[in-house]
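As structure tokens, the structure follows; a few thoughts come after it.
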Amino acid sequence: SGQAWPLADDSLATVAVLPCVSYANLTEHRELGDSLAAELIHRLGRLRALTVIARSSSFPLRDAPLTAREIGERLGATHLVSCSIRRAPDGLRIGAELVDIASGAQRWSAEYDRSGDDPMQVVDELAVGLSERLLEQLAGPERAQLIRHGSRSPEAVRAVAQARELAREQTPEAVKSAREAATAALRLDPDYADAYVALAELDLTDARTGGRASEIVRAEVQARLQSALEIDPEFAPALALRSRLQCEAWEWTGCGRDSARALELEPGSARVQAAAVAFHLAAGSRGRAVDHATRALRIDPESAANWRLLALAYLHAGRTEDALALAQRAALRFPELWAMHDTHALVLQQLGRCGAALAALQRALALAPGDPGLQAREAALQACDGRRERAVALLRELELRRAAGEPVGDHALALCHLALAQAAQALDALEAMQAARDPQLVEWIRRPLAGLELLADEPRWTGLIAALNLPAD
């Protein structure tokens with residue numbers, strides 16, 4: 001994948017930071033180096049002029065047998081920051097260097113001697129100094145005021161990072177382990193704002209997989225975000241998640257306000273950029289949604305969610321060929337994740353290639369058998385491919401599952417009824433989605449979903465759209 005992506009117009013450089021190497025191969029040095037590199041990523045990411053590769057993408061390459069140029073090309077970076085920790089007569093000697101990927105030349109290097117009595121003080125002090133020096137090298141003499149956020153517990157920071165890595169696996173077992181890790185982080189540091197945000201993210205995962213009632217989860221998420229913002233009123237990830245929550249509840253003013261504020265505070269965060277995508281897709285500003293989704297993927301190219309997000313943004317913007325190319329790459333890059341194959345199927349369906357879409361969806365169903373949303377998508381594709389009887393059979397099966405108490409949502413039934421041109425039943429399901437404030441409804445209107453054109457002259461449908469009070473396109 002050694003593909004370098006073009007820089008955003010306002011980005012001076014795309015920087016990857018590797019965890020520090022311990023020459024003594026000591027666990028305490030390695031942990032200190034991880035904390036220093038993570039804090040450096042955080043501080044550089046707050047600078048609007050830089051794009052910083054997420055630690056989840058750069059850290060796994062710590063032991064890879066690659067040159068600086070190869071690492072940079074793999075991550076799409078223009079510059080690489082590396083560091084080292086070794087023993088010194090009075091404590092620790094920490095070295096750092098900045099490498100230009102294009103030329104392979106070292107642009108800057110420095111060494112710092114520290115006593116090592118207070119490791120977190122070393123991390124804070126060096127992260128501030130290194131951030132300022134690196135910015136000077138990349139942007140000239142202009143200095144930026146860096147605001148500190150985070151935890152004083154390295155263990156808590158690692159626990160939250162572990163929770164997010166586990167959550168990416170998207171399995172019930174991994175999500176449970178992720179929740180345990182995030183809860184442990186709060187025990188280690190009750191004032192760690194990002195631990196509350198991590199738990200809120202996991203709560204939303206539970207709601208979206210149908211494991212718990214959405215209204216209960218929403219209240220819990222709001223409480224966790226409030227706790228995070230009481231600790232730090234300008235904690236951008238909390239504002240970003242609150243923005244997404246408000247978009248999903250169709251509270252457009254609050255959604256846009258929190259998204260804009262989060263972008264001001266931390267434009268280098270993939271989570272913040274993703275929240276901006278959610279708002280702009282709802283607002284119909286498709287070009288801006290693509291810009292933010294592109295930035296999110298550039299910051300964290302190892303996040304499958306960011307690949308899906310950009311493919312969907314392309315689809316909303318009418319850039320179907322770009323969406324298809326990206327969805328194909330994502331399905332190859334993350335073959336174990338059903339959502340990537342579902343995205344591929346969605347794009348193929350939008351292009352009218354229903355047979356190919358069915359084949360892609362079958363790969364998703366093999367990974368998530370029995371998922372109601374995927375079964376509804378299969379029904380729609382079967383109808384699209386001329387197999388109406390099979391589509392009707394799938395709809396009946398979903399209705400029976402719902403009658404038996406399984407979590408089959410109104411959006412699944414609406415999708416089937418639209419595919420089968422059953423306007424009255426589709427409107428019933430769509431109105432139920434509106435009553436439940438299902439975020440899928442807005443996405444369907446903005447994309448738009450195949451079959452909705454049948455409802456264009458239906459007063460119930462036009463009234464439903466008016467009631468959404470969508471932001472001006």
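- A 4.5 Å side-chain heavy-atom check between Leu40 and Val52 finds every atom pair outside the cut-off.
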(request) Report the C-alpha separation of Phe235 and Val197 in whole Å, then their side-chain angles, then the decisive distance to 0.1 Å, and conclude whether the side-chain contact (heavy atoms from CB on, under 4.5 Å) test is met. (result) CA-CA 10 Å; Phe235 190 52; Val197 174; 3.8 Å; yes

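- Atoms CG and CD, from Leu166 and Glu180 in turn, are 9.5 Å apart once rounded to the nearest 0.5 Å.
- Summarising the geometry, atom CG belonging to Leu297 is positioned 11.5 Å from atom CD belonging to Gln273; distances are rounded to the nearest 0.5 Å.
- The distance from atom CG of Leu367 to atom CZ of Arg363, rounded to the nearest 0.5 Å, is 10.0 Å.
- Taking CG of Asp203 as the reference point, atom CD of Glu220 lies at 5.5 Å (rounded to 0.5 Å).
- Residues Asp371 and Leu365 form no side-chain contact, since every pair of their non-hydrogen atoms from C-beta on lies 4.5 Å or further apart.
- With Arg93 contributing its side chain and Arg86 its backbone, the two residues share no donor-acceptor pair below 3.5 Å.
- The CD1 atom of Ile71 sits 8.0 Å away from atom CD1 of Ile101, with the distance rounded to the nearest 0.5 Å.
- With sequence neighbours excluded, the residues satisfying salt bridge (Lys or Arg N to Asp or Glu O under 4.0 Å) with Asp34 are Arg62.
- Looking at Arg55, its side chain never comes within 3.5 Å of a backbone N or O of Ala38 through a donor-acceptor pair.
- Between Val160 and Ala198, the shortest heavy-atom distance links the atoms CG1-CB, 4.1 Å.
- Rounded to the nearest 0.5 angstrom, Asn306 CG and Ile299 CD1 are separated by 8.5 Å.
- Of all non-hydrogen atoms in Val277 and Ala293, the two that sit nearest each other are CG2-N, 3.3 Å.
- The side-chain hydrogen bond (donor to acceptor under 3.5 Å, both in side chains) test with Glu201 is passed by exactly one of Arg224, Arg164, Arg244: Arg164.
- With Asp300 as the fixed residue, the salt bridge (charged side-chain N to carboxylate O under 4.0 Å, His left out) test singles out one of Arg168, Arg271, Arg295: Arg168.
- Judged by distance alone, with hydrogens and angles left aside, the side-chain atoms of Ser57 form a donor-acceptor pair with the main-chain N or O of Glu302 at under 3.5 Å.
- For the pair Leu468 and Leu441, the minimum side-chain heavy-atom distance is below 4.5 Å.
- Residues Thr294 and Val290 form a side-chain contact, since some pair of their non-hydrogen atoms from C-beta on lies under 4.5 Å apart.
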(message) Could you go through Val157 and Tyr192, starting from their C-alpha distance and side-chain angles, then the distance that decides it, and tell me whether this counts as side-chain contact (heavy atoms from CB on, under 4.5 Å)?
(response) CA-CA 8 Å; Val157 173; Tyr192 188 19; 3.7 Å; yes

(request) Carefully, step by step, assess Leu80 and Arg69 under the rule side-chain contact (heavy atoms from CB on, under 4.5 Å). (result) CA-CA 8 Å; Leu80 182 70; Arg69 176 174 289 185; over 6 Å; no

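- No donor-acceptor pair under 3.5 Å is formed between the side chain of Trp307 and the backbone N or O of Ala331.
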(message) Run the side-chain contact (heavy atoms from CB on, under 4.5 Å) test on Ser243 and Cys255 for me, step by step, so that the C-alpha distance in whole Å, both residues' side-chain angles and the decisive distance to 0.1 Å come before the verdict.
(response) CA-CA 4 Å; Ser243 167; Cys255 173; 3.6 Å; yes

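- Between the side chain of Thr343 and the backbone N or O of Ala339 there is at least one donor-acceptor pair closer than 3.5 Å.
- Taking each heavy atom of Ile53 and Arg298 in turn, the nearest pair found is CD1-O, 3.0 Å.
- A pairwise comparison of heavy atoms in Ala156 and Asp189 identifies CB-CB, 4.1 Å as the closest pair.
- Counting heavy atoms from C-beta outward, Ile41 and Phe59 have side chains that approach closer than 4.5 Å.
- Side chain of Arg377 to backbone of Asp342: a donor-acceptor contact under 3.5 angstrom is found.
- Between the side chain of Thr78 and the backbone N or O of Thr14 there is at least one donor-acceptor pair closer than 3.5 Å.
- Residues Glu321 and Leu351 form a side-chain contact, since some pair of their non-hydrogen atoms from C-beta on lies under 4.5 Å apart.
- Not one N or O on the side chain of Gln440 forms a donor-acceptor pair closer than 3.5 Å with the backbone of His411.
- Between the side chain of Arg242 and the main chain of Ala240, no donor-acceptor pair closer than 3.5 Å is present.
- Taking each heavy atom of Ser285 and His280 in turn, the nearest pair found is OG-ND1, 2.7 Å.
- By the 4.5 Å heavy-atom criterion applied to side chains, Arg87 and His29 are counted as neighbours.
- Using a 4.5 Å heavy-atom cutoff, the side chains of Arg353 and Leu324 are in contact.
- Across all non-hydrogen atoms, the minimal contact from Cys20 to Ser84 is CB-N, 4.2 Å.
- With sequence neighbours excluded, no residue satisfies ring-ring contact (aromatic ring centres under 6.0 Å, His included) with His79.
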